[in-house]
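Throughout, residue positions are numbered sequentially from 1 according to the sequence presented.
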Amino acid sequence: MGKRKVSEVSAGSMADIAFLLLVFFLVTTTMDTDTGLQRKLPPIPEEEQMDQAPIKERNVFIVLINSKDELLVEGEPLDVSELRDKAKEFILNPDDKPDLPAKEMKYIEGLDREEYICKMAVVSLQNDINTTYSVYMMVQNELVAAYNECRNEFAMREWGKGYDELTEDQQEAVRDVIPQKLSEAEPVNAKL
């Protein structure tokens, strides 16, 4: 008996198949997206705004998160569940308390009248470098939710509908009455 000739496998078609499989897995695989913060950056300040005096202590709401993920608000320990209401009180200062932001009259074009607003109120968030991301996000969400609730409540009182349902001009008027000033300070390595 003679030797049988062994047929060769075409390596060219193997490369094509491997390439097609690679493309298939790249197209069908889902990638996890990182969570993050959706923010619109504030406009560049004008010359006269840059020369302003420092912000008074009563106009700053200081929120600190330490390395143990504990919350300290205005120097006092606070549970995250209480943060939104505390922030709303600071943002609006409904009872004109002397230790909360100063109110001033400002003409609001979209309302066609003057309104008392806490123009200089700033919420300052600072965390330790060892703060966990989930706690930071939870605190951040509560602060943003406080602003959103304040704006929504004002829109309901003024126009009888939620902030998201307003026209762009009406939303701008609400933003003029309740400006969102959320300052995020550089993380520190300190025992807060």
Notebook entry, point to check: So, S67 side chain and N130 main chain: donor-acceptor pair closer than 3.5 Å or not?
Noted result: no
When rounded to the nearest 0.5 Å, the distance separating CZ of R84 from CD of E82 is 13.0 Å
The reported gap from CD in E165 to CG in N152 (rounded to nearest 0.5 angstrom) is 8.0 Å
**Message:** With a 3.5 Å distance limit and no angle check, can you tell me whether N66 reaches the backbone of E70 through a side-chain donor-acceptor pair?
**Reply:** yes
Q. Does the N141 side chain pair with the main chain of M137, one donor and one acceptor, at a distance under 3.5 Å?
A. yes
- Is it true that a side-chain atom of N127 and a backbone atom of Y136 form a donor plus acceptor pair closer than 3.5 Å? no
*Indicate whether any N or O donor in one side chain lies under 3.5 Å from an N or O acceptor in the other, for Y147 and R175.*
no
Acceptor/donor pairs from residues 86-94 side chains to any protein atom, 3.5 angstrom cut, sequence neighbours excluded:
unit_1: K88; atom_1: NZ; unit_2: E149; atom_2: OE1; d: 2.9
unit_1: K88; atom_1: NZ; unit_2: E153; atom_2: OE2; d: 2.7
unit_1: E89; atom_1: OE2; unit_2: K97; atom_2: NZ; d: 2.8
unit_1: N93; atom_1: OD1; unit_2: D96; atom_2: N; d: 3.2
unit_1: N93; atom_1: OD1; unit_2: K97; atom_2: N; d: 2.8
unit_1: N93; atom_1: ND2; unit_2: K97; atom_2: O; d: 3.3
unit_1: N93; atom_1: ND2; unit_2: P101; atom_2: O; d: 2.8

Check: Are the side chain of Q171 and the backbone of Y163 linked by a donor-acceptor contact shorter than 3.5 Å?
Finding: yes
In terms of heavy-atom contacts, I178 and C150 come closest through CD1-O, 3.4 Å
Heavy-atom check, side chain of L72 versus side chain of L78, under 4.5 Å: no
Stepwise salt bridge (charged side-chain N to carboxylate O under 4.0 Å, His left out) test for E158 and R113:
CA-CA 12 Å; E158 199 63 38; R113 69 168 192 266; 2.9 Å; yes
Give the intermediate values and the outcome of side-chain contact (heavy atoms from CB on, under 4.5 Å) for residues Q170 and K161. CA-CA 11 Å; Q170 291 170 330; K161 47 187 170 179; 4.3 Å; yes
When rounded to the nearest 0.5 Å, the distance separating CD of Q126 from CD of E184 is 11.5 Å
Task: From CA spacing to verdict: side-chain contact (heavy atoms from CB on, under 4.5 Å), W159, V174 - done: CA-CA 11 Å; W159 293 284; V174 174; 3.5 Å; yes
*asked:* Is the shortest side-chain heavy-atom distance between L83 and L143 below 4.5 Å?
replied: yes
- prompt: Within a strict 4.5 Å, meaning less than it, do heavy atoms of the L71 and L64 side chains meet?
  reply: no
Any side-chain heavy atom of L125 sitting closer than 4.5 Å to one from Q140?
-> yes
request  = Flag the pair F24 / L20 as yes when at least one side-chain heavy-atom distance between them is below 4.5 Å, and no otherwise.
outcome  = no
So CD1 of I117 and NZ of K103: to nearest 0.5 Å the spacing works out to 10.0 Å
Donor-acceptor pair between S81 and D79 side chains, under 3.5 angstrom: yes
Under a 4.5 Å cut-off applied to non-hydrogen side-chain atoms, are V177 and L111 in contact?
-> yes
Looking only at heavy atoms, the pair that brings M120 and K181 closest together is CA-NZ, 4.2 Å
Contact check, side chains of V144 and L182, non-hydrogen atoms, under 4.5 Å: yes
- prompt: Are the side chains of I65 and V135 in touch, meaning some heavy atoms are under 4.5 Å apart?
  reply: yes
Applying side-chain contact (heavy atoms from CB on, under 4.5 Å) to A102 and not counting sequence neighbours gives R58, N59
Fill in: CA sep, side-chain torsions, deciding dist, call: V122, F61, side-chain contact (heavy atoms from CB on, under 4.5 Å)
CA-CA 6 Å; V122 176; F61 185 69; over 6 Å; no
message: Pair K106, I108 - check side-chain contact (heavy atoms from CB on, under 4.5 Å), show working.
response: CA-CA 6 Å; K106 179 182 177 188; I108 307 298; 4.1 Å; yes
